[in-house]
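What follows is a single structure, written as structure tokens, with notes after it.
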There are 2 protein chains.
Amino acid sequence: MATTLHDVAQVAGVSFKTVSNVINDHPNVRPTTRARVQAAIAELGYRPNLTARSLRSGHSGAITLAVPQLRLPYFAELADAVISAAEAHGLVVLIEQTSGGRDRELEVLKSPRLKMSDGLIFSPLGLGEEDAALVTAEVPIVLLGERIFSSSCDHVTMQNIEGARAATEHLLDIGRKRIAVVGAHEGEVIGSAGLRLKGYREALEARGVPYDDSLVAYMGEWHRANGALAMHELLERGVEFDAVFGFNDTLAQGAMRVLQEAGRRIPDDIAVIGFDDLDETRYSLPTLSTVDPGRTEIAETAIKVLMERIKTPDGPAPREIETTFSVVARESTLGTAP
Amino acid sequence: MATTLHDVAQVAGVSFKTVSNVINDHPNVRPTTRARVQAAIAELGYRPNLTARSLRSGHSGAITLAVPQLRLPYFAELADAVISAAEAHGLVVLIEQTSGGRDRELEVLKSPRLKMSDGLIFSPLGLGEEDAALVTAEVPIVLLGERIFSSSCDHVTMQNIEGARAATEHLLDIGRKRIAVVGAHEGEVIGSAGLRLKGYREALEARGVPYDDSLVAYMGEWHRANGALAMHELLERGVEFDAVFGFNDTLAQGAMRVLQEAGRRIPDDIAVIGFDDLDETRYSLPTLSTVDPGRTEIAETAIKVLMERIKTPDGPAPREIETTFSVVARESTLGTAP
DNA sequence: CCGGAAGGATACAACGTTGCAGGTATGCCC
DNA sequence: GGGCATACCTGCAACGTTGTATCCTTCCGG
């Protein structure tokens, strides 16, 4: 059996409440008593029972992070960042995988397990704008991503439009004119794909480059295989292009592979840029230029905002926070026009 | 305020204990009462307070997974598998990142937070065989990996020697004779590097191929950059080789990149095989042959063993379990001798 | 030397749940 | 119809902690 406050109290010769007071750094404990209690704590190797503390105090020091799947590098790196940020504040993180399924996401929101934690950082994929009203739970929520903007939760998101615009401008800056897009979603307006396409178009317009829909590859999910497939399709279409904007790094890498197999040199013939700044982009051949969406900042901000909301649930109105981004130029966009 | 057993009891017109009995499927509750209580539960949207249940019953339905870093793909995929396996048993997973630091790993073992969960799945990196005795905690532990074999915990591990042997044999089978190794650790006997080198040597010996230490690249940590560095060094050394065995996929990919930059064709000039079967090996150029160490099986076995140990802490003696592996042949080892 | 205020420690209750021991009907048997 | 087993339900205690209220010192000023 684990040692309790009572055991410590008995050894120290005080009431168990005094031990509690020592542990919680309450004032009005005489230094000599404090020392005696601390000696007893050390002697017995006492560790507080966090479950009991949690029941009594109403908060657990844990938060939940709900993401689609950790095997997707983007979410793995996000989770890494969130756990690190949480750790810095003494919080522990409990992870739920949703597979990006709408039902499973709703289930997580309603699960009693959620109450084992003090708050939720939620990166939905199945739920959309029309479900905004359903995004509520018995704990405060910080929403991530681009699926839902009109919920009543705090929302931390990257600058998709601006980032995509900057990526496109980067390609234009090195002299590319015909920029293919890999990863568009038919008819999508918000959501990463919709926003990034908007940024792409804005950049073209700002530079007076005409938009050509035949340069845009539409697809379903952003998996590497789809990036490869889309690039095959673009090549078969016979349309000319001198650059590719992959809406995320995974797509860009799938596309790069197909380009290389087809004998196109990167960046000489075709420049390629991605989005997300995954770790692996630093090691591909060639290394992949990309947009760093500020993942660490997203994680830290989410934790900060969530902690504030936990402290004062009826605090300020829900906030919409955008993180800073930057274009990371690597080998895949090296040099100038072909 | 959340609804409690008392609230439900009041609505249903029974004692709160009866509500508890209904929830826990206790016998001796009349169907009509049961129905009435369930109606009240539904009406009020009652959800049990898991913290209170946990305090009372002594277990929480959560387990802890301690890994170095989720940003390392191997651990991300492991965590994914563990969470999925846990989910299938109604368990939720709490993740601690250790950075692979010895002190931090010991800290996790001793942290009171660990007691918020019922057990620990622990993949150490900083701790070694000499620390085996320190691997104890207030909850059952299942150890993963190759760092510690003589602890008193259940241990689930892959077949490193056999897997490495099979990988090497695969290279020999396609006619390669001079197989370079990337990722050896100077003087290591156990640990992934030591075991995999052993498997490599066993395969050579079994086929009567002489072992040549000049083909072996020693290094520190298994990061992609080190794989690249090691390959540079091997090339500079001027030693001839027609195949490379990367001790993990990340190293193999770093090596592949350098080989390609140096103008060597894969697999025509040099065949390459890795270890781990990371998702990304399916998408590299060329796709990377590797050893699938049975990650899903590791996760499921770990969960199963941990649950048994939680149920009966003084059950059978600590078990040493090895998972099944398989060689996955992809493009990087296609064809026969050069 | 007494009254009062602070400091220091304690007692009690509560958080929401489950285990255990009981209690009250109901039905069955003789 | 009384005794007794059975089925159903309830009350109490406890898990280990913290908040509130309270009590007992001690020390100071008058």
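Each of D/dC9, D/dT17, C/dA11 was ranked by its minimum atom distance to the side chain of B/T33; first place goes to D/dC9. Comparing C/dA9, C/dG19, D/dG16 by their closest approach to the side chain of A/R30 singles out C/dA9. Taking only side-chain atoms of B/H26, from C-beta outward, the nucleotide of C/dG19, C/dG16, D/dC9 with the closest atom is C/dG19. Comparing D/dT10, C/dT10, C/dT18 against the side chain of B/L5 picks out C/dT18 as the nearest. Side-chain proximity of A/N28 to the nucleotides C/dG8, D/dT18, D/dT10 is greatest for C/dG8. Of the candidates C/dA9, D/dG11, D/dT17, the closest approach to any side-chain atom of B/S15 belongs to D/dG11.
Residue side chain B/R56 does not reach the base of C/dT17 through any donor-acceptor N/O pair under 3.5 Å, judged by distance alone. Side chain A/K17 to base D/dG19: a donor-acceptor pair is found below 3.5 Å.
Between A/R309 and the choices A/D314, A/D154, A/D118, the salt bridge (charged side-chain N to carboxylate O under 4.0 Å, His left out) rule is met once, by A/D154.
When heavy atoms are screened at a 4.0 angstrom cut-off, B/S57 is found touching no nucleic acid atom at all. Heavy atoms of A/N21 sit under 4.0 angstrom from at least one base atom.
Of the residues in residues 41-54 of chain B, none has a non-hydrogen atom less than 4.0 angstrom from any atom of DNA chain D.
For the helix from C/dC1-D/dG30 to C/dC30-D/dG1, the rotation axes defined at the first and last 5 base pairs enclose an angle of 60°, given to the nearest 10°.
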